[in-house]
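Contents: one structure, followed by commentary.
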There are 2 protein chains.
Amino acid sequence: MIKQISHLGIAVKNLEEAREFYHSVFRLESSDPIIGGDGTIKVSMVKVGNVLIELLQPFGSEGIMAKFLEKRGEGFHHICYEVDDINAEVASLKASGIEVLGEPRPGAEGTSVFLHPRGTHGVLVELVEKE
Amino acid sequence: MIKQISHLGIAVKNLEEAREFYHSVFRLESSDPIIGGDGTIKVSMVKVGNVLIELLQPFGSEGIMAKFLEKRGEGFHHICYEVDDINAEVASLKASGIEVLGEPRPGAEGTSVFLHPRGTHGVLVELVEKE
């Protein structure tokens, strides 16, 4: 059961420039950057109403975000839906033949997993069950 | 002043298949399709918490959505922020040198305008002032 959109991931080349853009142009404030995931991503969260925008900059030249930027350039990366019970969702998705990328893993927001865009009409989807 | 995210536009090849996907896989319901914009887009809205996902299918072989799908394939198309005063926003954006695409125009949700992704770190942005 999807409760709401938790955040939208947006790939950017330079996190400080992007934060300054959201601040000066949209008057949206962002959190201090942290190094996320497997250590190859620098992240800052922008609050818009009750949804977050996750600005994602590659940290170093390796990793998934560096590859994404090289291939697609700056822009939308993924949408994260908050769910009640991630294990039940994953079981149900797998039963429907949807491509789940690995197993749910604990992260900053809770336990999350990604679904390949091949199975979701072109959108990389993250599901998160919050603590 | 941005109040909240109003909707996310997602380009799909086949609206009925996409609606069925959101219904059966995510248990998210969508509105009956309407022909939108300049008559080249078929649209259905999916409600997720207090944000909408706007599923956008080309209607006919011409138009902006047909071109988008041809170039990029299915996936994220734009983000729409609700603002208080769209004329004030447009004046401020133009003063900041942000590329505003045309003038605000009345539409289904209110009066809206788009910002070119060149000026927004890679994301096509719509601003809407609701009635």
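Computed from heavy atoms alone, side chains included, the values below leave out hydrogens, waters and symmetry copies.
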Exercise for review: Identify the residue among B/L8, B/L52, B/N50 that makes a side-chain contact (heavy atoms from CB on, under 4.5 Å) with A/I5.
Suggested key: B/L8
Would [X] and [Y] show up in the same hydrophobic cluster when neighbours are defined by side-chain heavy atoms closer than 4.5 Å?
X	Y	answer
B/Y81	B/V100	yes
A/V51	A/L28	yes
A/M45	A/I53	no
A/I34	A/V12	no
B/I10	B/F21	yes

Measure [X] against the heavy atoms of chain B and call it side chain, backbone, both or neither at under 4.5 Å.
X	answer
A/L115	side chain
A/F76	both
A/E17	both
A/L93	side chain
A/L55	neither
A/S92	neither

**Study point:** Atom NZ of B/K47 with >12 non-hydrogen neighbours under 6.0 angstrom
**Key:** yes
**Study point:** Enclosure of B/E62 CD (heavy-atom neighbours >12, cutoff 6.0 Å)
**Key:** no
**Study point:** B/H121 vs A/K13 side-chain heavy atoms within contact, under 4.5 Å
**Key:** no
Practice item. Carefully, step by step, assess A/V125 and B/F26 under the rule side chain to side chain contact (heavy atoms under 4.5 Å, CB included). Key: CA-CA 11 Å; A/V125 171; B/F26 291 147; 4.2 Å; yes
Check your understanding: So A/I2 and B/Y22, side chain to side chain contact (heavy atoms under 4.5 Å, CB included) or not? Walk me through it.
Key -> CA-CA 11 Å; A/I2 288 177; B/Y22 279 85; over 6 Å; no
**Study point:** B/S24, part contacting chain A, at a heavy-atom distance under 4.5 Å
**Key:** neither
Exercise for review: Select one option (side chain, backbone, both, neither) describing which atoms of B/L124 are under 4.5 Å from chain A's heavy atoms.
Suggested key: neither
Revision key, fill the gap. Note: vs chain B, highest number of non-hydrogen pairs under 4.5 angstrom among A/V48, A/V83, A/L127 is A/V48
